[in-house]
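Down below is the structure, laid out as structure tokens.
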Amino acid sequence: MLKQMAQMENNGKKLMSLLKKRGYIQPAFELYGGIAGLYDYGPLGGRLKSNVNKMWLNHWIALGNIVEIDSPTITPKEVLMASGHIGAFNDFASECKSCNSIFRSDHLLEEIHPNPDSLSQEDLFSEFENNLIKCPTCKSSKWSIPQPLNLMFSTTIGASKNGRTAYMRPETAQGMFLQFPTISRFFRGKLPFGAVQLGKGYRNEISPRQGIIRLREFNMAELEYFIDPKKSTSHNLEIWNDTLLKLIPDGSESKQKELETTIFDAVKNGIVKHETVGWFMIKTYELMIDLGLNPEFLRFRQHEKNEMAHYATDCWDLEIFGSYGWIECVGIAHRGSYDLEAHDKFINTNDLKIWRDFETEKVIEKTVCSPVQSVIGPKFKNYSKAISEKLLKIKNIPESFPFELEVGEETFLIQKEMVEIKDIKTVDRGEWFIPHVVEPAFGIDRIIWHILEHSYNEINKKDDENYTILSLNKKIAPLNFAVYPLYEKDGMKQKADSISQLLREVDGISVIYDGSKSIGRRYARGDEIGIPFAVTVDLQTIEDETITIRYRDSQEQERITVSELLDFATKIV
RNA sequence: GCGGAUAUGGUGAAGUGGUUAUCACCUGAGGUUUCCAACCUCAUGUCGUGGGUUCGAUUCCCGCUAUCCGCACCA
């Protein structure tokens, strides 16, 4: 395995050349010099991405209580204030007024202040003024007021000056939270349920690096699974008892030891703290294997306590190994009620809550002093409302009338006809609560990169020339079939054309025809871009309607009839 | 953002202060060839970008942009 790992690091560059050359991925806007952190998916990459998305979506929709939604990428400021993306968590940047260099404010104060990270905007500025901090570039000490360093792209909604400030969403998750009322109504308020969204996210990274690993505009796929924190979950984790996962639990004491265990044991032993998190871990692992990733190169790492967002109770990253090392590609977090609660604070409604019946009704019987409004109103006028409220709260019902009632600083005399002593029975049948959420969040670009890396193989076919095979899973390969006539003559071209067309009529199947250069070269071209099946038409095809089908990974061929081929094609996707 | 390196056809590379920039692979056309990058002929396509020095810059210098490697940041 170590050998394999070393090999992979070498292959990274060769793979990137191949992907660029053949139309999988490439830096975007290259004709204009390129922009860091923005990439294009080409003729093959575009299709690959949509196949990966489709497989991801089907995997979760198949659970039965998951729906797909879609929401705008442009998000008004208020939403991101509520969610915590703007505000308390921002770092500040200072600009040097003489040379226009920009620096992290707290970094420049590191030698002066013990904890510059905690300073407010004003305090930062006064520290700059008082200590005559010098610009590292030009040694000047004239600084602008520190500005929040925002990693979100901002824009304005509306063409006029008074438009509303908005940002390109940094995650798709807010869409699910804001649609919670609709989703909840769709499931008629019965937890657990969830929603997914596939789409673009934007982060204005300071320095995007590592190809498509860290992008400024990226494809994400997030699932929000809402649960009742008081109801125990029942996932049957034992059915995966023959699958060993590599886990790295948070262990400040045990020094991050990797262990191999089943998900059932990990939950039972409390390594994974919540059963639903464990369930999503194994379901995620299952999906990764389906996508064609190498299980040897998958592991889950638990966030350390100090690394975890403060509201999260448990968080595991799925890390995939490739030429950039172990890269986190999926985050599975138990976020408690944080997100919905954050929005709940800004709006006054039960829409973000779920009703829960108590197991047994709570019957409360009490005797109250019920105000008679028709008497109290005319008598006390402006004070009547406060008096009525106070009367209802009296615990020891007075036995004789009149009695004195203190409301604020005034005292009122309550006569017998002003109140009615009543026995009241109320029944508490349940309560509103904010559900908890478990969030698996997938970086689609990162996953695609590793699918390509794990699929990349070089074999020695003859002498020392390397022969490249991209062993993409047949379900996600951008092209399913290549049809080659042995030569473009004697009717073989026409025959190959018509077989291509028959294959194309199979739903979801994409086919290319290639008739130029030698047959060996065409096989090689197809293997390099990961076409799983090559169909070759020769003279015998014209006589008896049989073709040879060649399997990319084994390089072996067999002869079957055209109708067998069509039947085979329907079973791929 | 800091430090270091790099930037030449689609890909990978060579080279130069001076006429028309080199090679391999790839790609296209024609020929040949009856199953794994064969061969022959022909063809298309390149000095990241802006400025400076110079009679002349792809080459030397500076800025910008991008890429790679560390650090930092992010998750």
Side-chain angles (χ1 to χ4, degrees), chain A residues 9 12-23 26-39 42 89 91 93-96 101-108 110 136-137 149 151-152 170-171 201 203-211 213-216 218 220 301 303-304 307-309 312 315 317-319 323-324 326-331 333 441-443 446 459 461-463 465-469 484-490 492 514 516-528 534-541 547-552 554-557 559:
Chain A
E9 296 195 18
K13 272 190 182 170
K14 279 193 270 184
L15 175 63
M16 197 63 211
S17 298
L18 168 66
L19 297 177
K20 244 180 114 172
K21 185 170 70 172
R22 302 302 306 272
Q26 64 202 309
F29 307 112
E30 240 193 338
L31 291 176
Y32 287 84
I35 303 280
L38 299 177
Y39 272 76
F89 308 108
D91 298 314
S94 295
E95 186 176 347
C96 169
S101 302
I102 292 174
F103 301 92
R104 277 277 297 269
S105 308
D106 53 332
H107 287 188
L108 292 176
E110 254 159 14
T137 310
L149 189 66
L151 293 184
M152 291 188 289
E171 58 175 29
R203 290 181 199 169
N204 205 350
E205 297 283 352
I206 299 168
S207 87
R209 283 284 173 84
Q210 302 172 307
I213 298 298
R214 187 183 301 168
L215 296 169
R216 289 195 162 119
F218 50 97
M220 15 180 20
R301 196 177 65 81
H303 278 210
E304 289 169 39
E307 169 186 35
M308 207 151 60
C315 186
D317 279 341
L318 172 78
E319 299 184 327
S323 57
Y324 297 111
W326 288 98
I327 298 289
E328 64 270 23
C329 297
V330 184
F442 294 70
R446 290 181 174 192
I459 58 171
K461 232 176 170 182
K462 58 174 184 188
D463 302 333
E465 198 186 351
N466 279 332
Y467 187 94
T468 303
I469 301 178
Y484 307 131
L486 202 48
Y487 296 100
E488 283 188 313
K489 60 181 187 187
D490 301 334
M492 286 184 275
D514 188 357
S516 74
K517 291 284 162 71
S518 74
I519 188 71
R521 171 165 300 194
R522 282 176 275 159
Y523 289 144
R525 283 199 286 232
D527 288 345
E528 192 182 57
V535 172
T536 309
V537 170
D538 54 19
L539 287 171
Q540 194 182 331
T541 307
I547 48 86
T548 57
I549 180 165
R550 173 184 178 278
Y551 304 99
R552 176 195 63 204
S554 67
Q555 310 263 294
E556 280 165 8
Q557 278 178 292
R559 185 168 280 276

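Naming: A, B, ... by sequence-line order, numbering from 1 per chain.
- B/G9 makes up no base pair with any nucleotide shown, lacking Watson-Crick or G-U wobble contacts both under 3.5 Å.
- For B/C35, the base has no donor-acceptor partner in the side chain of A/Arg521 [N/O atoms by modelled type, under 3.5 angstrom].
- Straight-line distance between the P atoms of B/C71 and B/C61: roughly 29 Å, to the nearest whole Å.
- One finds no side-chain N or O of A/Arg209 lying less than 4.0 angstrom from the OP1 or OP2 phosphate oxygen of B/C73.
- In this structure, the nucleotide among B/C35, B/A66, B/C69 sitting nearest to the side chain of A/Ala36 is B/A66.
- Positionally, the nearest nucleotide of RNA chain B for A/Thr468 lies more toward the 5' end than for the other of A/Thr468 and A/Arg446.
- Within 3.5 Å, a donor on the side chain of A/Tyr523 pairs with an acceptor on the base of B/C35, or the reverse.
- Figure legend. B/C64 is base-paired to B/G48; pairs are counted as Watson-Crick or G-U wobble with both atom distances under 3.5 Å.
- Where A/Arg550 and A/Lys20 each meet RNA chain B at their nearest nucleotide, the meeting point lying more 5' is that of A/Lys20.
- Minimum atom distance to the side chain of A/Lys21 is reached by B/U11, of the listed B/G28, B/C35, B/U11.
- Residue A/Glu171 contributes atom CD, which lies 14 Å from atom C1' of B/C74 at whole-angstrom precision.
- Atom-to-atom, CG of A/Asp514 to C1' of B/C26 comes out at 13 Å; the value is rounded to the nearest Å.
- Across all strands shown, B/A43 forms a Watson-Crick or G-U wobble pair, both distances under 3.5 Å, with B/U27.
- No hydrogens or angles were tested; on distance alone, nothing pairs the side chain of A/Glu205 with the base of B/C73 as donor and acceptor under 3.5 Å.
- The side chain of A/Arg522 contributes no N or O atom lying less than 4.0 Å from OP1 or OP2 of B/C35.
- Among the atoms of the strands shown, only primed sugar atoms or phosphate atoms (P, OP1, OP2) are found under 4.0 Å from some heavy atom of A/Gly34.
- Taking side-chain N and O atoms only, A/Ser518 has a distance below 4.0 Å to OP1 or OP2 of B/A38.
- Side-chain atoms of A/Tyr32 and base atoms of B/U65 include no donor and acceptor less than 3.5 Å apart.
- Counting any heavy atom pair closer than 4.0 Å across all strands shown, A/Ser17 reaches sugar-phosphate atoms only and no base atom.
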